[in-house]
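Shown next, in structure tokens, is the structure this report addresses.
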Amino acid sequence: MILFENLGLLISSGLTVEESLKVMVSDAASKKEGSFLARLHEELSSVFVLSTAMAEMNIFPPYAVNMIRLAERSGNLDMTCYTLADHYEQESRRAAQIKGAVANPFILVCIIAVVVAFLVNAVLPIFSGIYAQMGVDIEANAMVQAALTIGSVAMWLVLILLVLFVLGLLFNRTRAGKRFFAAMAENAPVTRTINRTLSMARFTSTFSLLLTSGDDLPMALSMASTVCPSRGVKARLEQCHQQVLAGGALAEVLIGSGLFNPTHVGMIKSGVRSGATPKVMGRLAEIYEQESSRVLAGFLALIEPLLISLLSVVIGVILLCIMLPLIGILSSFG
């Protein structure tokens, strides 16, 4: 985001791309940032085309490389840089939302693991010692054995869950892992709505930015569909692109895709008729952003109490099984 924002500002002020990168290298806030910009400037000096230099580095997303390549052909590089800056700023917000949706349950699971492990390894042995001093046969007491079994099973299940969670995060860093979790997010009942809403938010936002920056309609539609994580949404948008290339009207094509609800259909029709399609798509992007935030918040509101309730039940059952024999012994003394 910062790279494209600064590059757009410098190019719009009249500097060439090479001069802009020189300025950015000298103004780099850190050694790592300066090294990255210097490498980009070095690649540009050898190939003389920014999009080619970006592609040679094998760091930039294909979407950014293709956008810069189109901008170099059309001559609106500064506007495209602003568009990319806005796009990655929105992507950063969405990534923060998704990380929050993953991090909060992970923290709760860690807390559950610590509490259950402390209960099993520190508290239960104390009670076992107390019962042994009272002459109670622990192995013959069903309640005590139930508490030990439940505690051990709960501890191992939580630890296994944590290991699977960490392995899943590492697996997600690979291409195969990304494909696997993308397919799971698209097909699982819990995440299907979230994935589709995020895809629509990305599409409408990017489509609006591309139209605002002056890209032609078929190209904007094709480029915007590439940022959708949902394969189902992407496939429908690719069909829309083919229909637009064949001469179909944008409003009819988008409405026929079945991706928009009746309220949004009315907005699209009004936007196309009034020539305000970018504005309408921008407004739809805001709506889908709010909807995705609401769905993620609803998911968190469901999963967090569920984990807390599970922790409470496990601890309560363990303590109940441990305390009932003790209560019985004390009652017999009375």
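When reading the values below, keep in mind they use all heavy atoms of this one structure, side chains included, and skip hydrogens, waters and symmetry mates. Counting from 1, the numbers follow the sequence of the chain as shown.
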Would you please say whether a donor-acceptor pair under 3.5 Å links the side chains of [X] and [Y]?
{"X": "Y288", "Y": "S199", "value": "no"}
{"X": "R69", "Y": "N66", "value": "yes"}
{"X": "E72", "Y": "S51", "value": "yes"}

Distance from L284 atom CG to M281 atom CE, nearest 0.5 Å?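 These two atoms lie 6.0 Å from each other.
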
Taking all heavy atoms of V233 and all of C228, pick out the closest pair and write down the distance.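 Heavy-atom minimum between the residues: CG1-SG, 4.1 Å.
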
Can you tell me if [X] uses its side chain to pair, donor with acceptor, with the backbone of [Y] under 3.5 Å?
{"X": "R196", "Y": "L259", "result": "yes"}
{"X": "S35", "Y": "K32", "result": "no"}
{"X": "S13", "Y": "L10", "result": "yes"}
{"X": "S309", "Y": "P305", "result": "yes"}
{"X": "S208", "Y": "T204", "result": "no"}
{"X": "R236", "Y": "S257", "result": "yes"}
{"X": "S26", "Y": "V23", "result": "yes"}

F36 and F60: CA distance, side-chain angles, deciding distance, ring pair (Phe, Tyr, Trp, His ring centres under 6.0 Å) verdict: CA-CA 12 Å; F36 171 77; F60 290 93; 5.7 Å; yes

Report the relative orientation of the aromatic rings in Y88 and Y63; use parallel for angles under 30°, tilted for 30 to 60°, perpendicular for over 60°.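 The rings of Y88 and Y63 stand perpendicular, inter-plane angle above 60°.
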
Mind checking whether F203 and F207 have parallel, tilted or perpendicular rings, split at 30° and 60°?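 Answer is parallel, since the angle falls under 30°.
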
Pick from D86, I68, T80: which one makes a side chain to side chain contact (heavy atoms under 4.5 Å, CB included) with F4?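 It is I68, the one option of D86, I68, T80 that forms the side chain to side chain contact (heavy atoms under 4.5 Å, CB included) with F4.
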
Would you call K22-E19 a salt bridge at under 4.0 Å N-O?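 Looking at E19 together with K22, the answer is no, because their closest N to O distance does not fall below 4.0 Å.
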
Are the side chains of M67 and T83 in touch, meaning some heavy atoms are under 4.5 Å apart?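 Yes. Closest side-chain heavy atoms under 4.5 Å.
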
Are the side chains of F260 and M200 in touch, meaning some heavy atoms are under 4.5 Å apart?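 Contact flag for F260/M200 side chains = yes.
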
Should L37 and I11 be regarded as members of a common hydrophobic cluster, given that ILVMFWY residues are connected when their side-chain heavy atoms come within less than 4.5 Å of each other, either directly or indirectly?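 Same hydrophobic cluster.
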
Determine, using the 4.5 Å side-chain heavy-atom cutoff (strictly less than), whether M1 and L50 are members of one ILVMFWY cluster.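 Yes.
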
